[in-house]
Amino acid sequence: MKPMNFRGRWVLITGASSGLGLEMARLLAKEHGAHIIAVARREDRLTALKAELESAHGVQVLPLSADLTKPGDAARVFETATSGRTVDGVILNAGVTYFGHALEQQPESFDAMLATNITSVVRMSQLFGAHFAKQGGGGALMLVASTAGFAPLPYQTAYAATKSFVISYGRGLAYELRKAGVSVTVFAPGGIATEMLSVSGLDRKFKAGDVGIMSAEACARIAVEAFVHRRELSVPGVLNRFLATLMKLLPHGFMMGRSAALYEGALPKEPPAP
Ligand SMILES: NC(=O)c1ccc[n+]([C@@H]2O[C@H](COP(=O)([O-])OP(=O)(O)OC[C@H]3O[C@@H](n4cnc5c(N)ncnc54)[C@H](OP(=O)(O)O)[C@@H]3O)[C@@H](O)[C@H]2O)c1
């Protein structure tokens, strides 16, 4: 497929209020001249992003506050985004994790994770996939997964399972939509220095500047390149690609042991007694 030209075209990004989503929005506006539909819950941050990008790069930004755990918000985002405009690119990046013992994740936390990481992604992929196909092709969709989705990951057990779903769903969807000229990119980063680390407590172990932890800016650059060039799978960084290959080649039991050992000392509490 030919690379996308987003100059003067609309790209929607979920999770644009911080981290990877925010940096992808900045890059798409600055270097690709894209108009941005910025989706997240924190409206103040989206309004600040609008002011920043419109004055610095002369693009248009539509801040669209939505809570993707709420039934109906994914459809509302689609209706608002496509009302009176054509959307040519969509990056489904919003996501949440839970770091700790799987038995201790509260039902509300799991339900919110499922809705954000999976249900809203499927709903918006369907709506925007159909929108792109109806336009006669040319649209680009990107789903943000994680290297955590390539193998089971103790202590981020449910999160890794949601990202496995995203990888599998995105790759299947890419095959189905290819004939319609619609690209689906699965982007699977390893650790990134974002709020996700501090919100989950992962920052007790992993910090900006550590080996294997990318800056959000560096990661966004690779993500945007994969999105624009419509690659089907992108894993940023040599170390992450090496680990992803090991996850395919080595027994999962061995890899789980290595990953679990990495988290030692950073878990919120001792494991529940057997
Ligand atoms: N950080 C990592 O180490 C890492 C590694 C691999 C993959 N990833 C993936 O990268 C993606 C971006 O994460 P990040 O690291 O940039 O984390 P982040 O800084 O915490 O950003 C997460 C974004 O998702 C939005 N979001 C969360 N829940 C939402 C909801 N219910 N409705 C709407 N928006 C919601 C947040 O906005 P509001 O709070 O304003 O709603 C925020 O903009 C995620 O899919 C994550 O799984 C991250």
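Every number for a ligand or one of its atoms is a count from 1 in the order of the listing. All heavy atoms count here, side chains included; hydrogens, waters and symmetry mates do not.
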**Message:** Take a 6.0 Å sphere around CD of Glu195 and say whether it holds more than 12 heavy atoms from other residues, nucleotides or ligands.
**Reply:** yes
**Item:** Heavy-atom nearest neighbour in the protein, as seen from atom 23 (C) of ligand 1, with distance rounded to 0.1 Å
**Value:** Gly15 CA, 3.6 Å
**Asked** At a 4.0 Å cut-off, with the gap strictly under it, does some heavy atom of Phe206 reach an atom of ligand 1?
**Response** no
**Message:** For ligand 1, which is the ligand I care about here, please tell me if Gly191 has any N or O atom under 3.5 Å from one of the ligand's N or O atoms.
**Reply:** no
**Asked** Is it the side chain (CB and beyond), the backbone, both or neither of Ile192 that lies under 4.0 Å from ligand 1, heavy atoms counted?
**Response** both
**Request:** With heavy atoms only and a cut-off of under 4.0 Å, state how Ala66 meets ligand 1: side chain, backbone, both or neither.
**Result:** backbone
**Asked** What part of Ala148 sits under 4.0 Å from ligand 1 if we count only heavy atoms: the side chain, the backbone, both or neither?
**Response** neither
**Message:** Between Arg221 and Glu23, does any side-chain N to carboxylate O distance fall below 4.0 Å?
**Reply:** no
**Request:** Output yes when the distance from some N or O of ligand 1 to some N or O of Val96 is under 3.5 Å, and no in every other case.
**Result:** no
**Prompt:** Does a side chain donor of either Ser17 or Arg45 reach within less than 3.5 Å of an acceptor in the other side chain?
**Reply:** no
**Prompt:** Judged by non-hydrogen atoms, does Val144 sit under 4.0 Å from ligand 1?
**Reply:** yes
**Message:** How far is atom 18 (P) of ligand 1 from the closest protein heavy atom, and which atom is that?
**Reply:** Ser18 OG, 3.4 Å
**Asked** Identify the closest protein heavy atom to atom 22 (C) of ligand 1: which residue and atom is it, and at what distance?
**Response** Gly95 O, 3.8 Å
**Item:** Check: Tyr263/Gln156 side-chain N/O donor and acceptor closer than 3.5 Å
**Value:** yes
**Prompt:** Just heavy atoms, cut-off under 4.0 Å: does Lys163 contact ligand 1 by side chain, backbone, both, or neither?
**Reply:** side chain
**Asked** Just by distance, do the side chain of Glu54 and the backbone of Val61 share a donor-acceptor pair under 3.5 Å?
**Response** yes
**Asked** Which word best sums up how the rings of Phe128 and His131 line up, parallel for under 30°, tilted for 30 to 60°, or perpendicular for over 60°?
**Response** perpendicular
**Prompt:** To the nearest 0.1 Å, how far is atom 44 (C) of ligand 1 from its closest protein heavy atom, and which atom is that?
**Reply:** Asn93 O, 3.1 Å
**Prompt:** Heavy atom of Ala216 under 4.0 Å from ligand 1?
**Reply:** no
**Item:** Protein contact of atom 15 (O) of ligand 1 - nearest heavy atom, named by residue and atom, plus distance
**Value:** Thr194 OG1, 2.6 Å
**Prompt:** Any non-hydrogen atom of Val199 lying under 4.0 Å from ligand 1?
**Reply:** no
**atom 26 (N) of ligand 1: the protein heavy-atom neighbour that sits closest, reported with distance to 0.1 Å** = Ala94 CB, 3.9 Å
**Exam field: side chain Thr80 to backbone Arg76, donor-acceptor pair closer than 3.5 Å** = yes
**Proximity flag Ala115 to ligand 1, non-hydrogen atoms under 4.0 Å** = no
**Request:** Return yes if some donor-acceptor pair links the side-chain N/O of Arg241 with the main-chain N/O of Val235 below 3.5 Å, else return no.
**Result:** yes
**Item:** Proximal atoms of ligand 1 relative to Ala145 (non-hydrogen, under 4.0 Å)
**Value:** 7 (C), 9 (C)
**Message:** Below 3.5 Å, N or O to N or O, backbone or side chain included: is there any such pair between Leu68 and ligand 1?
**Reply:** yes
**Request:** Please say whether Ser17 places an N or O atom under 3.5 Å from an N or O atom belonging to ligand 1.
**Result:** yes
**Asked** Which residue owns the protein heavy atom closest to atom 20 (O) of ligand 1, what's the atom, and how far is it?
**Response** Met196 N, 3.5 Å
**Asked** Going by heavy atoms in the side chains, are Ile91 and Phe187 under 4.5 Å from each other?
**Response** no
**Asked** Which residue holds the protein heavy atom closest to atom 31 (N) of ligand 1, what is that atom called, and what is the gap in Å?
**Response** Asp67 OD1, 3.0 Å
